[in-house]
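Accompanying notes for the structure given below.
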Amino acid sequence: MAALDQKSPNVLLQSLCCRITGKSEADVAHQFQYAVRVIGSNYAPTIERDEFLVSEKIKKELLKQRREADAALFSELHRKLQTQGVLKYRWSILYLLLSLCEDPRKPSSRVGNFGGLFAQALPRDAHSTPFYYARPQSLSLSYPERSAHNASSGSASSGIGSLPAYPPNGPAPSPQHLLSGSGPPAVADSARGSRLAWALQVSGAPPPTSRPPAGSAPTLVPRPPHRQRRDCDGSAEVSEAALVRDILYVFQGIDGKFIKMCPTEECYKIDSKVPLCKSLRDTSDRLAELGWLHNKVRKYTDSRSLDRAFGLVGQSFCASLHQELKEYYRLLSVLHAQLQVEDDQGVNVGADCSLTLRRLLVWTYDPKVRLKTLAALVDFCQGRKGGELASAVHAYGKTGDPHMRALVQHILGLVSHPILNFLYRWIYDGELEDTYHEFFVASDPTVKTDRLWHEKYSLRKTMIPSFINMDQARKVLLIGKSINFLHQVCHDRTPPGKVPPASKCADSPRDAAELFSDLEGAFQNKIDAVYFETSKYLLDVLNKNYQLLEHLQAMRRYLLLGQGDFIRHLMDLLKPELARPATTLYQHNLTGILETAVRATNAQFDSPEILKRLDVRLLEVSPGDTGWDVFSLDYHVDGPIATVFTRECTNRYLRVFNFLWRAKRMEYILTDIWKSQMCNAKLLKSMPELSGVLHQCHILASEMVHFIHQMQYYITFEVLECSWDELWNKVQQARDLDHIIAAHEVFLDTIISRCLLDSNSKLLNQLRAVFDQIIEFQSAQDTLYRSALEELHLRLQHEDHKRRREEEGEWGVTAEQEAAENRRVQEFKDTIPKMCSQLRLLTHFYQGIVRDFLRELMTSSDESLQFLSFRLDFNEHYKDRDPRLRPSLGATRGRRSSNI
């Protein structure tokens with residue numbers, strides 16, 4: 001166990017610190033703590049990993065020093081090192097040795113060895129700590145500790161980055177060079193840093209004597225490390241150089257010696273007790289805002305980078321923020337390197353090339369604007385993820401500043417790239433791998449296959465990016481849903497048309513930004529092309545393989561009574577069965593009658609696939625119901641066509657069928673009533689006492705026939721045929737399955753509403769009452785004719801008996817027989833007033849119900865029902881008998897004329 005402890009990283013790191021500094025374990029506590037923080041940082045190195053570049057610069061410098069033999073020796077040694085497979089990261093070893101030899105604490109005279117060779121190879125880089133992420137277990141290194149180390153080493157820490165400074169006697173770096181990162185070659189080539197070199201710098205080694213670059217004269221007077229002035233009374237006033245050093249730390253989000261984070265005001269500021277002139281204090285406060293902005297952005301990225309639930313879009317957003325911060329760190333590296341060179345060369349504060357607060361204010365103007373935009377974006381994006389986050393970023397791109405628009409456009413390209421990948425996988429392969437619910441298409445895995453089209457996939461409206469409109473989102477949903485419907489329901493995995501797989505359509509973040517910026521062009525064309533190909537293929541499969549249109553026509557012919565000869569013959573065959581009580585019916589008997597009706601009519605020529613789905617269904621039986629009340633046709637649907645003919649649609653078809661079947665029965669009953677009247681009219685001429693009651697029957701039957709004929713015309717032509725024609729045109733022009741389903745839903749809703757089967761139950765109840773009166777009238781007339789025919793038969797029998805007796809030469813009837821006959825005839829005549837009163841009562845009830853029905857029709861908001869009321873009372877027969885119809889009828893006519 002002890003052996004394992006000796007090999008642990010902490011023990012080895014402490015031993016390395018002791019070996020480098022030459023101190024005991026107790027004396028290297030600060031160096032060990034800082035080494036732990038440097039190693040624990042989560043940033044990639046800022047140097048360029050190029051072994052060839054390092055070796056070439058070493059040889060170039062040796063040649064400048066006219067050491068051709070050493071350059072050849074170095075080249076040979078490097079070649080041999082490359083042939084050996086011992087070292088995996090040779091560039092790291094070379095750069096480490098180079099950085100160690102570049103340390104200014106080493107004597108400049110030691111250049112003859114291999115370390116000196118590296119010391120002469122490249123210009124000295126300023127060594128600094130990059131930004132690090134302070135882990136909970138790491139130990140902090142406060143500003144006073146850093147100051148103590150810097151004072152002991154004779155040089156100050158430069159803060160962020162490791163870019164070399166410009167020559168002390170040359171021009172200061174311009175803001176354009178600093179912000180763009182292009183700069184002179186010295187700046188571009190030295191965008192590197194060494195965390196370990198900085199750790200060595202603060203370990204306490206003696207300071208080296210700095211050498212000025214070749215060709216430059218050290219004419220500037222060295223300045224002390226702490227640039228402070230003292231007043232006459234001995235109180236120290238903070239110098240501008242010290243503020244510059246503090247500001248560079250604040251730029252990194254680290255408290256300086258004088259500028260610290262104020263917890264109450266949540267900003268960096270200088271303590272009011274620090275002696276400082278107002279101009280420097282105001283300038284420092286303005287510059288310190290950059291550190292607060294940096295902390296705000298950095299806090300967001302640090303808190304979200306490790307959050308997996310933030311999703312791919314959120315991680316892309318964090319990556320884009322990291323990229324912007326990386327550019328910001330490059331500027332800080334240049335500033336730190338410049339400050340280090342000033343310290344080494346002893347540049348005065350007032351020199352032309354020195355760093356001042358004014359120059360920092362100018363050079364950090366553009367980075368400050370960019371950081372402000374990022375900070376505002378971070379605030380606006382709090383609590384958002386996925387498509388909602390992309391919408392928030394897109395909203396910030398609507399600005400007139402071209403630089404800010406380019407910045408947001410770049411971030412939007414990175415953020416929208418995962419959404420584009422989601423979209424391509426969905427519209428080309430039908431795959432939805434949205435672990436963190438970022439895409440605007442949602443899937444419910446609990447939904448079964450038979451409800452796939454209606455319930456499994458839906459739109460998350462909050463996740464639809466603002467640069468994608470609702471029509472495009474709906475098409476995206478339909479494309480993927482169609483692919484999954486083909487695969488899972490139709491079991492068809494043939495690629496639809498010319499649609500390529502998703503692997504061939506992956507775009508880069510830049511392509512994503514350009515694609516989403518042209519929503520009406522390239523993006524719309526791409527979505528439309530896939531949408532039309534996929535939808536057209538799906539409809540072809542449903543029509544050719546599953547006969548969707550044929551099944552739609554079959555529902556119209558059988559459940560909506562469109563096959564007239566079949567319905568009439570079926571009603572004739574079912575009449576004896578359906579007149580019986582509902583409890584005595586058997587479904588297999590009715591099924592046999594149905595098959596007989598099919599074979600006897602044109603229905604026999606339909607496809608077997610359709611006829612096998614046609615069946616008989618018995619509804620729930622209530623007490624007193626007959627077969628007419630519970631009988632219904634049924635049409636079985638399954639597989640892909642069940643997506644159009646859902647269970648809810650089937651139930652609505654059954655409701656319409658029962659209504660139409662009942663209306664057809666009324667027509668059938670009235671036909672029987674008319675035939676009975678026509679057949680018995682001549683037979684009962686010999687009974688003049690029945691002329692009044694028969695006339696009353698004929699008038700009431702005519703009213704009922706007119707009412708039912710007008711209702712049938714309205715239902716058959718104005719409702720069913722017009723709605724069906726509209727449905728068929730929409731189906732023929734449909735571009736996707738949703739259009740067919742929507743048109744079918746509108747068709748059913750229309751016929752249910754116009755057939756009075758919707759929530760307006762008052763009209764339906766009145767219509768059912770009319771139907772009940774027709775059935776009652778049939779019963780009353782049958783009773784009348786049965787009694788009259790029986791009386792007629794007895795009278796004819798009596799006359800026949802009388803004629804036979806006379807032919808035999810006897811008296812026709814005796815006085816007793818004549819008296820009995822007269823009594824019987826008188827009894828029959830006495831029943832006629834009762835029949836008349838019954839018919840008058842029936843007529844009164846019928847006409848009252850019809851008048852109420854007409855009033856409801858006239859006040860209806862549906863114009864087709866208003867027109868029906870005009871046809872039902874075309875000669876104002878009911879209006880003359882009911883004054884309540886007159887105002888309504890007049891108002892309705894006025895409303896009609898105004899509409900015209």
Side-chain angles (χ1 to χ4, degrees), residues 567-580 626-628 662-712 769-804 812-813 817-818 820-847 849-850 875 877:
I567 296 299
R568 180 68 189 187
H569 190 64
L570 178 65
M571 193 169 285
D572 289 337
L573 295 177
L574 287 175
K575 182 179 179 181
E577 287 287 330
L578 299 184
R580 295 163 50 189
T626 63
W628 292 104
R662 191 175 180 85
K664 181 63 71 173
R665 182 193 173 195
M666 296 303 107
E667 184 181 5
Y668 188 84
I669 289 174
L670 289 173
T671 302
D672 287 346
I673 290 175
W674 179 82
K675 287 194 301 183
S676 178
Q677 290 177 348
M678 294 300 103
C679 293
N680 296 320
K682 292 183 179 180
L683 294 177
L684 299 178
K685 280 185 177 180
S686 59
M687 301 175 66
E689 64 272 15
L690 290 177
S691 60
V693 67
L694 292 180
H695 178 69
Q696 193 172 350
C697 286
H698 289 178
I699 292 177
L700 182 58
S702 298
E703 289 187 26
M704 291 181 174
V705 167
H706 170 72
F707 182 89
I708 292 301
H709 281 180
Q710 295 300 323
M711 284 298 302
Q712 284 284 54
V770 171
F771 291 167
D772 292 339
Q773 292 298 314
I774 292 175
I775 296 174
E776 188 174 349
F777 172 65
Q778 182 193 30
S779 176
Q781 180 176 276
D782 288 345
T783 303
L784 170 64
Y785 279 126
R786 193 165 47 249
S787 176
L789 291 176
E790 183 179 354
E791 176 66 20
L792 178 62
H793 177 69
L794 291 176
R795 289 184 183 185
L796 292 177
Q797 189 177 7
H798 176 73
E799 291 295 330
D800 185 59
H801 176 71
K802 184 178 178 179
R803 188 181 67 258
R804 286 199 310 270
V813 290
Q817 292 176 341
E818 186 71 23
E821 178 68 16
N822 291 335
R823 286 197 302 272
R824 186 184 57 74
V825 171
Q826 188 61 38
E827 289 177 359
F828 174 75
K829 290 181 179 180
D830 293 339
T831 60
I832 293 177
K834 183 179 179 180
M835 295 178 185
C836 289
S837 62
Q838 184 179 2
L839 285 175
R840 282 195 299 270
L841 186 62
L842 185 62
T843 303
H844 174 74
F845 281 137
Y846 170 78
Q847 292 181 348
I849 294 172
V850 171
N875 58 355
H877 170 76

Is [Y] close to [X] at the side-chain level, that is, under 4.5 Å between some pair of heavy atoms?
X	Y	answer
T626	L578	no
W628	R662	no
T831	M835	yes
L694	L784	yes
Q712	M666	no
F707	M711	yes
K664	E667	yes

List in chain and number order the residues that pass side chain to side chain contact (heavy atoms under 4.5 Å, CB included) with [X], two or more places apart in sequence or in another chain; answer none if no residue qualifies.
X	value
E818	H798, V813, N822
Y668	R568, M571, D572, K575, D672
A769	I849
L796	L792

With Q773, which residues qualify under side-chain hydrogen bond (donor to acceptor under 3.5 Å, both in side chains), at least two apart? none
I need the minimum non-hydrogen distance between [X] and [Y], along with the two atoms involved.
X	Y	result
R795	S686	NH1-O, 4.4 Å
A788	M687	O-SD, 3.8 Å
C697	F777	O-CZ, 3.5 Å
A780	Q838	CB-NE2, 4.1 Å

Taking everything shown except [X] itself, do over 12 heavy atoms lie less than 6.0 Å from its [atom1]?
X	atom1	result
W674	CH2	no
H877	NE2	yes
E790	CD	no
Q710	CD	yes

I would like to know whether V850 and Q847 meet side-chain contact (heavy atoms from CB on, under 4.5 Å); could you show each step before the answer? CA-CA 5 Å; V850 171; Q847 292 181 348; 5.5 Å; no
The test is side-chain contact (heavy atoms from CB on, under 4.5 Å); show your working for I673 and Y785 and say whether it passes. CA-CA 11 Å; I673 290 175; Y785 279 126; over 6 Å; no
How far does [atom1] of [X] sit from [atom2] of [Y], to the nearest 0.5 angstrom?
X	Y	atom1	atom2	result
S691	I832	OG	CD1	8.5 Å
M704	Q778	CE	CD	10.5 Å
E689	L684	CD	CG	9.5 Å
I774	L670	CD1	CG	5.0 Å
F845	D772	CZ	CG	13.0 Å
L789	L794	CG	CG	11.0 Å

Short N-O contact, R786 and D782, less than 4.0 angstrom: no
Closer than 4.0 angstrom, basic N to acidic O: yes or no for E791 and R824? yes
List the steps, then state whether side-chain contact (heavy atoms from CB on, under 4.5 Å) holds for F771 with E776. CA-CA 9 Å; F771 291 167; E776 188 174 349; over 6 Å; no
Counting N and O atoms only, with roles assigned by atom type, does the side chain of S787 sit under 3.5 Å from a partner on the main chain of T783, one being a donor and the other an acceptor?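 No, because the side chain of S787 does not come within donor-acceptor range (under 3.5 Å) of the backbone of T783.
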Return each pair, listed once, that meets salt bridge (Lys or Arg N to Asp or Glu O under 4.0 Å) where at least one residue sits in residues 825-844; pairs must be two or more places apart or across chains.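 Those involving residues 825-844 do not exist here.
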